[in-house]
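The model shown is predicted, which means the values in this text are computed figures rather than measured ones. Values below: all heavy atoms of this structure, side chains included; hydrogens, waters and symmetry mates excluded.
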Amino acid sequence: MSPAYLTLSDEGIVGAMQVIDSKAQFTPVHIISNDETGIWVTGLPEKVELITVGQEYVKSGQPVIAVPADKLTTADASGE
């Protein structure tokens with residue numbers, strides 16, 4: 001995955017924001033490797049719906065409306 005998808009908790013723990021039951025959920029991860037394609041992490045389920053745009057702006061438990069990446073527009077990403 002891209003390291004840009006990671007975020008820090010208020011306690012400084014590295015993790016990723018995922019969507020569970022239409023709510024944001026912080027999940028701690030451990031970086032185990034990196035290469036030219038990105039980073040490899042442990043701690044996430046095998047199938048996960050990651051928040052990849054705006055993950056720094058949501059808190060665990062906050063309701064979110066997930067938009068699949070292939071449906072995301074430039075206006076969605078900029079908040080317009």
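Here the straight-line distance linking atom CD of Glu49 with atom CE of Met17 works out to 12.5 Å at 0.5 Å rounding. The structure places CG of Leu50 at 7.5 Å from OG1 of Thr52, a figure rounded to the nearest 0.5 Å.
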Atom pairs and distances, donor-acceptor, side-chain atoms in residues 20-33, under 3.5 Å, two or more places apart:
{"residue": "Thr27", "atom": "OG1", "partner": "Gln18", "partner atom": "NE2", "Å": "2.5"}

Using distance only, find each side-chain donor-acceptor pair of residues 1-12 under 3.5 Å and give its atom names and separation, not counting sequence neighbours.
{"residue": "Ser2", "atom": "OG", "partner": "Ala4", "partner atom": "N", "Å": "3.1"}
{"residue": "Thr7", "atom": "OG1", "partner": "Glu56", "partner atom": "OE1", "Å": "3.2"}
{"residue": "Thr7", "atom": "OG1", "partner": "Glu56", "partner atom": "OE2", "Å": "2.7"}
{"residue": "Ser9", "atom": "OG", "partner": "Glu11", "partner atom": "N", "Å": "3.2"}
{"residue": "Ser9", "atom": "OG", "partner": "Glu11", "partner atom": "OE1", "Å": "3.2"}
{"residue": "Ser9", "atom": "OG", "partner": "Gly12", "partner atom": "N", "Å": "3.4"}
{"residue": "Ser9", "atom": "OG", "partner": "Ile13", "partner atom": "N", "Å": "3.0"}
{"residue": "Asp10", "atom": "OD1", "partner": "Lys59", "partner atom": "NZ", "Å": "3.4"}

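A pairwise comparison of heavy atoms in Thr37 and Asp35 identifies OG1-OD1, 2.5 Å as the closest pair. Minimum interatomic distance between Gln62 and Val58 (heavy atoms only, all atoms of both residues): OE1-CA, 3.3 Å.
Hydrophobic cluster membership differs between Trp40 and Val14, with clusters built from Ile, Leu, Val, Met, Phe, Trp and Tyr side chains linked at under 4.5 angstrom.
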